[in-house]
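Proteins get letters first, then strands, A, B, ... in listed order; numbering begins at 1 in each. This is a predicted model, so every value here is computed, not measured.
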Amino acid sequence: MCGRFANHVQDMGRWGDILGDWPDEVAVSYNIAPGADIAAFTKEGGAPMRWGLVPAWSKTASTRYATFNARSESLIGKPAFRGAWNDGQRCLIPLQGYYEWQTLNGGKQPYYLFVASGEPLVCAGLWDQWGSGPEQFQSCTMIIRAASPAIAFIHPRMPLFVPLFNAREWLEGKPDSCAELLGPDVTPANELELGYYPVSQQVNNPRNEGAGLCAPLLAR
DNA sequence: CCAGACGTTGTT
DNA sequence: GTCTGG
DNA sequence: CCAGACGTTGTT
DNA sequence: GTCTGG
């Protein structure tokens, strides 16, 4: 799964041409938790969205159940995600790296996962709109899948990453396009060799936004 | 039919 | 234990 | 995801 | 809004 990620991306490299401009409203952070406003990119371009999809039909502006991730295997049948899926409300969420907690006897050890190339990882997502007038906002979810074997020892789930060549189709295609990305097979997007290392428990507190959390990465 | 949930993990 | 807030 | 709260009245 | 459970 992905319940925390690091560093809104400033330099998107080749992804800049695909996704468009970074939305000014979204700040950089090394410790982004559900509920935050993150940069999501639709076919219209970049927009700030709350992380945690609030369905358009929701009576309140927040859900009491977890919608910051959507399982690729089952999202099509879920009331919370089905509307977004059927309406082609797809987005892409770039990130510099993400955190995963390894469950151990007697505790949890957080890891940071990333790609050494320095280009962003780009996760497939869905978005929805809630409310009207000044109350209105957009929100999104990150699609997750089974972890690739190399990192499964940390956690059995991982974000569904989209390769550059599938990006426009993901954003613009009909609901049944790119369906293979949701399947159980390992796709090119998930063959990416992720680097990883254990990090300090300081990352557990979502209020810690210090760049020191990513020091080993920045030192490369 | 209506009422109530609508989600993910991990643990039992 | 479970919910809300970040 | 984890951390932190978890309640009410009445007074400032 | 739409699905599941009763």
Item checked: CA sep, side-chain torsions, deciding dist, call: A/Trp15, A/Phe41, ring-ring contact (aromatic ring centres under 6.0 Å, His included) -> CA-CA 11 Å; A/Trp15 284 93; A/Phe41 293 80; 9.5 Å; no
What contact category does [X] fall into here, base, sugar-phosphate, or nothing, at under 4.0 angstrom with non-hydrogen atoms?
X: A/Ala36; answer: nothing
X: A/Thr141; answer: nothing
X: A/Ala80; answer: sugar-phosphate

What's the closest nucleotide to the side chain of [X] if the choices are [options]?
X: A/Phe81; options: B/dC6, B/dT8, D/dC1; result: B/dT8
X: A/Tyr65; options: B/dG7, D/dC1, D/dA3; result: B/dG7
X: A/Met1; options: B/dT11, B/dT9, B/dG7; result: B/dT9
X: A/Arg4; options: B/dG10, D/dC2, B/dG7; result: D/dC2

Next item on the list: Determine the sole option in A/Arg157, A/Arg145, A/Lys78 for which the salt bridge (Lys or Arg N to Asp or Glu O under 4.0 Å) test with A/Glu73 is passed.
Entry: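 Looking at A/Arg157, A/Arg145, A/Lys78, the match for A/Glu73 under the salt bridge (Lys or Arg N to Asp or Glu O under 4.0 Å) is A/Arg157.
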Roughly how far apart are [X] [atom1] and [Y] [atom2], rounded to 0.5 Å?
X: A/Leu92; Y: A/Leu121; atom1: CG; atom2: CG; result: 12.5 Å
X: A/Cys91; Y: A/Met142; atom1: SG; atom2: CE; result: 9.5 Å
X: A/Ile143; Y: A/Arg90; atom1: CD1; atom2: CZ; result: 8.0 Å
X: A/Cys2; Y: A/Ile144; atom1: SG; atom2: CD1; result: 9.0 Å
X: A/Trp130; Y: A/Leu53; atom1: CH2; atom2: CG; result: 13.0 Å
X: A/Ile18; Y: A/Leu171; atom1: CD1; atom2: CG; result: 9.0 Å

Tell me the interatomic distance from [X], atom [atom1], to [N], atom [atom2], rounded to whole angstroms.
X: A/Leu113; N: D/dC1; atom1: CG; atom2: C1'; value: 14 Å
X: A/Lys108; N: D/dA3; atom1: NZ; atom2: C1'; value: 13 Å
X: A/Arg207; N: D/dC1; atom1: CZ; atom2: P; value: 17 Å
X: A/Phe68; N: D/dC1; atom1: CZ; atom2: P; value: 5 Å
X: A/Lys78; N: B/dG4; atom1: NZ; atom2: P; value: 21 Å
X: A/Tyr98; N: D/dC1; atom1: OH; atom2: P; value: 14 Å
X: A/Arg64; N: B/dT8; atom1: CZ; atom2: C1'; value: 14 Å
X: A/Arg157; N: B/dG10; atom1: CZ; atom2: P; value: 10 Å

Hphob cluster co-occupancy, [X] + [Y], side-chain heavy atoms under 4.5 angstrom:
X: A/Met158; Y: A/Ile154; result: yes
X: A/Leu75; Y: A/Val162; result: yes
X: A/Phe161; Y: A/Met1; result: yes
X: A/Met49; Y: A/Trp57; result: no

Next item on the list: Report the secondary structure of DNA chain C in dot-bracket form, marking unpaired bases with a dot and bases paired to a different strand with |, and treating Watson-Crick or G-U pairs with both distances under 3.5 Å as paired.
Entry: ||||||
Notebook entry, point to check: According to a strict under-4.0 Å criterion, is A/His155 in side-chain N/O contact with OP1 or OP2 of B/dG10?
Noted result: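 True: A/His155 side-chain N/O within range (under 4.0 Å) of B/dG10 OP1/OP2.
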Notebook entry, point to check: Quick one: is A/Asn205 getting a side-chain N or O under 4.0 Å of the D/dC2 phosphate, OP1 or OP2?
Noted result: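 A/Asn205 to D/dC2 OP1/OP2: no side-chain N or O under 4.0 Å.
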Can you tell me, in whole Å, how much space there is between the [atom1] of [N] and that of [M]?
N: D/dT9; M: B/dC2; atom1: C1'; value: 40 Å
N: D/dG7; M: C/dT2; atom1: C1'; value: 16 Å
N: B/dA5; M: C/dC3; atom1: P; value: 11 Å
N: B/dC6; M: D/dA3; atom1: C1'; value: 26 Å
N: B/dT8; M: D/dC1; atom1: P; value: 12 Å

Check: Looking at residues 47-60 of chain A, who's got a heavy atom less than 4.0 Å off DNA chain E?
Finding: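 Only A/Trp57 qualify.
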Next item on the list: Measure the acute angle between the ring planes of A/Tyr112 and A/Phe114, then classify it against the limits of 30° and 60° as parallel, tilted or perpendicular.
Entry: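 It falls in the parallel class, under 30°.
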Next item on the list: Taking heavy atoms of chain A and a 4.0 Å limit, find me the 5'-most and 3'-most nucleotide of DNA chain E within that range.
Entry: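 With heavy atoms of chain A under 4.0 Å away, the range is E/dG1 to E/dC3.
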